[in-house]
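The chains referred to below are lettered A, B, ... by the order of the sequence lines, with proteins before strands, and numbering in each begins at 1.
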Amino acid sequence: MEIRFYNTLTRKKEIFKPINKGKVSLYTCGPTVYNRAHIGNFRTFIFEDVLKRVLQLVGYNVKHVMNITDVDDKTIKKAHEENKKLNKITSKYTSEFMEDLQALKILPADLFPAATDHIQNMIEMISILIENKNAYVADDGSVFFSIDSINDYGKLANLDLKRQKQTDRVAADEYTKDNPRDFALWKAWKVEDGDVFWDSPWGIGRPGWHMECSVMSTKYLGNHFDIHCGGVDNIFPHHENEIAQSCAALGTEFVNIWMHSEHLNMADEKMSKSLGNIKTIPELLDDGHSAESLRYVLISSHYRSKLSFSSNKLDDARKAVHRINDIYNRLQGIISDGNSFPNEYDQFIEALVDDLNTPKALGILFNYLKELNRKIDNDKLTDEESSRGILFIKKADEIFSFLKDKTVIPDEIAKLVAKRNEARKDKNWELSDLLREELKEKGWIVEDTLDGSKCYSA
RNA sequence: GGCGUCGUACCCAAGUGGUCCAAGGGAGCAGUUUGCAAAACUGUCAUUCAUCGGUUCGAAUCCGAUCGACGCCUCCA
């Protein structure tokens, strides 16, 4: 099967060829654990989740590594503000991140290496860069990468540095650098770093941000691996610098395909911690939105398009997710599983392997579901078709995970439902509708069918 | 200033030269079912793709201009 992915490096879709047959090595940039991640961050993690699930569905053995950035300016600042040890802060937000991943049904990576566990490896790579004359030690003991020492700096971000306007941020940066755009591989200790520092040949300090990914990706996936992902804002400087230092240090090919997801916007503006317009996963779940609805919103537009987040979208998503669950349950009542697929399944897969066209794949799925419903209504659905339908939905769910787990109905809810059934028996419609409203407010939807009332969580 | 993305129905969103006089979801409308309820199901819903020009036998899709939205240019998923 021909799989095609858009490669940021070449700015076009390319046919995916794994380095090792049947295997894919995947590195995805993980969170900086100084704060609770927000739904915008999770757009990227869901995109990566879909990518991995698609690769697995078509038969690849995927080795997935996601880093945890547990030392940098922000984590240190946070620890300082709260007057706590750095690892108190980072372990708290790391476990919260893991909870959110699980809540959103995101498959965990095979490895979640932390930056602070790889300081020695980073020091080794920096030493190589200094030996190779790609890096130099500044007066204060910081180490910088010299972008003039390589000739293709800027190739990922498509930047022609000679024509760039120098921004204030760059102008205000340290004057000890040879070139103002040289970036830090090692940051010498400063007073505000407190007890956060490690020994190095250049004095005490801590690694620069980009080092950890160069070191950990290659340590666990090999110097040359298949796919590296992140949000578009990682293209520059993070991934550009990663390429520069990795290629210079290792002298080999580094990453074949770079994939980046677009931003999730809040009211047409980027959702980010610094703008303060964020929503976290627990907040959204507390508002009564399901993990499936959240996944749907993030999956129903293409990963390379900007996406505006709104409650309106979540409402639409809830209904779409319900539609899928409903027909699935409807089919379950008809016949058991089989093992052949409808023709639409091939189209579905084709859409997904064409640069993860999830909106198109969803369209194909919905079209097919409507056809199934039509046949059920006309009593023309054969057992064969029904079992194919179930299998298709199950396979689709291996990618999307829109099917809800059968939830246990709490006693309180069951009692209300029973009370409502009594009212219905007495043809007390007023009370019965009132109870249905009450249940809805508690997050449970009750439906009456010929076989009695069904109840499920919204 | 440089680089780049985008503008498709009331909302969301695929499609990027002919099979598109444009998928799919939501809303609306009509019908089936039902408790004149909710849910479910079916049907319906863009001669048109920001605007204006151009290329072509043929354009939502290519080119140019204009208008509008957004992102990156060392905090950022």
Side-chain angles (χ1 to χ4, degrees), chain A residues 11 28-32 34 37-48 72-74 77 154 157-167 169-170 172-173 180-184 208-210 229-238 240-241 260-265 268-275 296-297 300-302 304-308 310 312-313 315-324 326-327 329-330 351 357-370 372-374 376-378 424 427-430 432-433 436-437 440 445-450 453-454 456:
Chain A
R11 310 267 158 177
T28 61
C29 273
T32 300
Y34 76 107
H38 55 74
I39 185 73
N41 300 127
F42 281 98
R43 181 185 192 191
T44 297
F45 301 131
I46 292 268
F47 140 68
E48 291 157 354
D72 81 318
D73 292 357
K74 286 170 299 186
K77 186 166 168 241
N158 194 23
L159 295 179
D160 181 351
L161 296 177
K162 292 183 194 73
R163 303 180 64 182
Q164 293 295 302
K165 181 175 155 186
Q166 185 163 302
T167 64
R169 275 191 283 190
V170 174
D173 218 326
R181 286 181 174 278
D182 286 350
F183 56 91
W209 173 34
H210 319 296
C229 301
V232 282
D233 49 355
N234 278 159
I235 295 172
F236 195 88
H238 187 49
E240 188 68 58
N241 292 350
H260 296 93
S261 64
E262 252 297 345
H263 281 301
L264 179 71
N265 293 158
D268 286 342
E269 212 177 27
K270 183 167 113 177
M271 183 184 286
S272 78
K273 289 167 188 168
S274 41
L275 289 171
Y296 188 92
V297 170
S300 63
S301 88
H302 189 85
R304 286 191 287 113
S305 301
K306 290 176 188 67
L307 172 62
S308 284
S310 68
N312 193 28
K313 273 208 174 95
D315 286 343
D316 289 357
R318 202 198 82 237
K319 290 166 192 159
V321 165
H322 178 63
R323 194 174 161 81
I324 296 170
D326 216 64
I327 176 110
N329 293 333
R330 201 177 179 190
N357 195 337
T358 49
K360 188 175 181 181
L362 276 172
I364 292 162
L365 178 64
F366 277 115
N367 255 331
Y368 173 72
L369 296 183
K370 179 170 289 209
L372 277 184
N373 272 325
R374 233 179 258 136
I376 295 174
D377 279 3
N378 297 331
R424 291 191 71 226
K427 297 201 186 295
N428 186 347
W429 310 126
E430 208 176 312
S432 129
D433 288 354
R436 187 174 55 215
E437 276 306 305
K440 194 174 174 188
I445 306 288
V446 63
E447 278 174 20
D448 304 322
T449 69
L450 292 175
S453 297
K454 284 194 297 188
Y456 58 88

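- The nearest whole Å value for the distance from the NE2 atom in His238(A) to the P atom in C76(B) is 8 Å.
- Phe236(A) places its CZ atom 18 Å from the P atom of G71(B), with the value rounded to the nearest Å.
- Closest contact between the side chain of Pro237(A) and the listed nucleotides C76(B), A77(B), G35(B) involves C76(B).
- Contact record, Val297(A) with Ala317(A): CG2-CB, 3.6 Å, taken as the closest heavy-atom pair.
- Rounded to whole Å, the C1' atom of C11(B) lies 30 Å from the corresponding atom of U34(B).
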Polar-atom pairs under 3.5 Å, protein N or O versus N or O of nucleotides 61-63 of chain B: list them with distances, or write none.
none

- Task: Map every base of RNA chain B to its dot-bracket character, where paired means a Watson-Crick or G-U wobble contact with both distances under 3.5 Å and | marks a partner outside the strand.
- Result: ((((((((.[[[..)..(.....]]].(((((.......))))).....[[[[[..)....]]]]])))))))....
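- Taking the side chain of Lys74(A) as heavy atoms from C-beta on, and the options A39(B), A27(B), C76(B), the nearest nucleotide is C76(B).
- For C12(B) and U8(B), the C1' atoms lie 12 Å apart once the distance is rounded to whole Å.
- Between Ala317(A) and Phe183(A), the residue whose closest nucleotide on RNA chain B is further toward the 5' end is Ala317(A).
- Judged as a ring pair (Phe, Tyr, Trp, His ring centres under 6.0 Å), and not counting sequence neighbours, His263(A) has no contacts.
- Atom pair His322(A):NE2 and A40(B):C1' shows a separation of 7 Å (rounding to whole Å applied).
- Gly230(A) approaches Thr44(A) most closely through the heavy-atom pair C-CG2, 3.8 Å.
- Note that CD1 of Ile327(A) and CG of Asn373(A) are 3.5 Å apart. Values are rounded to the nearest 0.5 Å.
- Between Arg323(A) and Asp326(A) no salt bridge is recorded (no basic side-chain N to carboxylate O distance below 4.0 Å).
- Shown here are the ring pair (Phe, Tyr, Trp, His ring centres under 6.0 Å) partners of Tyr368(A), two or more places apart in sequence or in another chain: Phe392(A).
- When the C1' atom is compared between G18(B) and A9(B), the two are found 24 Å apart, to the nearest whole Å.
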- Task: For nucleotides 13-19 of chain B, just jot down a letter per nucleotide in 5' to 3' order: B, S or -, based on protein non-hydrogen atoms under 4.0 Å.
- Result: SSS----
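- For G58(B) and U16(B), the C1' atoms lie 15 Å apart once the distance is rounded to whole Å.
- Comparing U55(B) with G64(B), their C1' atoms are spaced 11 Å from each other, to the whole Å.
- No hydrogens or angles were tested; on distance alone, nothing pairs the side chain of Asn265(A) with the base of G71(B) as donor and acceptor under 3.5 Å.
- On a pure distance criterion of 3.5 Å, no polar donor-acceptor pair joins the side chain of Asn367(A) and the base of G24(B).
- The aromatic ring of Trp429(A) is stacked on the base of G35(B), with the two ring centres less than 5.5 Å apart and the planes inclined by under 30°.
- Backbone-only engagement by Gly230(A) is indicated by non-hydrogen atom pairs under 4.0 Å involving sugar-phosphate atoms exclusively.
- The OH atom of Tyr296(A) sits 8 Å away from the P atom of G26(B) (whole-angstrom rounding).
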Listed pairs, N/O of protein and of nucleotides 42-46 of chain B, under 3.5 Å:
unit_1, atom_1, unit_2, atom_2, d
U42(B), OP1, Lys370(A), O, 3.3
G43(B), OP1, Arg374(A), NE, 2.9
G43(B), OP1, Arg374(A), NH2, 2.9

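- For the C1' atoms, the distance from A23(B) to U61(B) is 16 Å, rounded to whole Å.
- Here C72(B) presents its P atom at 16 Å from CD of Glu240(A), a figure rounded to the nearest Å.
- On the C1' atoms, A14(B) is 10 Å away from A22(B), given to the nearest whole Å.
- What you find for Asn234(A) and Cys29(A) is that their closest heavy atoms are OD1-CB, 3.9 Å.
- Contact check for Asn241(A) versus Trp209(A): no side-chain heavy atoms found under the 4.5 Å cut-off.
- Considering all non-hydrogen atoms of both residues, Ala351(A) and Ile364(A) come closest at CB-CD1, 4.2 Å.
- In this structure, the CG atom of Leu365(A) is 10 Å from the P atom of G25(B), given to the nearest Å.
- Summarising the geometry, atom CD1 belonging to Ile46(A) is positioned 12.0 Å from atom CG belonging to Asn41(A); distances are rounded to the nearest 0.5 Å.
- Comparing the P positions of A13(B) and G31(B) gives a spacing of 32 Å, expressed to the nearest Å.
- Closest approach of Glu48(A) and Cys229(A) over heavy atoms only: OE2-CB, 3.4 Å.
- Within the 4.0 Å cut-off from OP1 or OP2 of G4(B), at least one side-chain nitrogen or oxygen of Asn158(A) is found.
- Summarising the geometry of His210(A) relative to Phe183(A), their closest heavy-atom pair is CD2-CD1, 3.7 Å, with the distance given to 0.1 Å.
- When atom types are taken as modelled, the side chain of Lys306(A) and the backbone of Asn265(A) share no donor-acceptor pair closer than 3.5 angstrom.
- At whole-Å resolution of the value, CG in Asp326(A) and P in G25(B) are 14 Å apart.
- To the nearest 0.5 Å, the span separating CD on Glu262(A) from CZ on Arg304(A) amounts to 10.0 Å.
- Proximity note for Arg436(A) (side chain, C-beta onward) versus G35(B), A27(B), A77(B): the nearest is G35(B).
- Ile324(A) places its CD1 atom 19 Å from the P atom of A39(B), with the value rounded to the nearest Å.
- Here CG of Asp433(A) is found 9.0 Å from CZ of Arg424(A). Values are rounded to the nearest 0.5 Å.
- Distance check: Leu307(A) CG to Arg43(A) CZ gives 4.5 Å after rounding to the nearest 0.5 Å.
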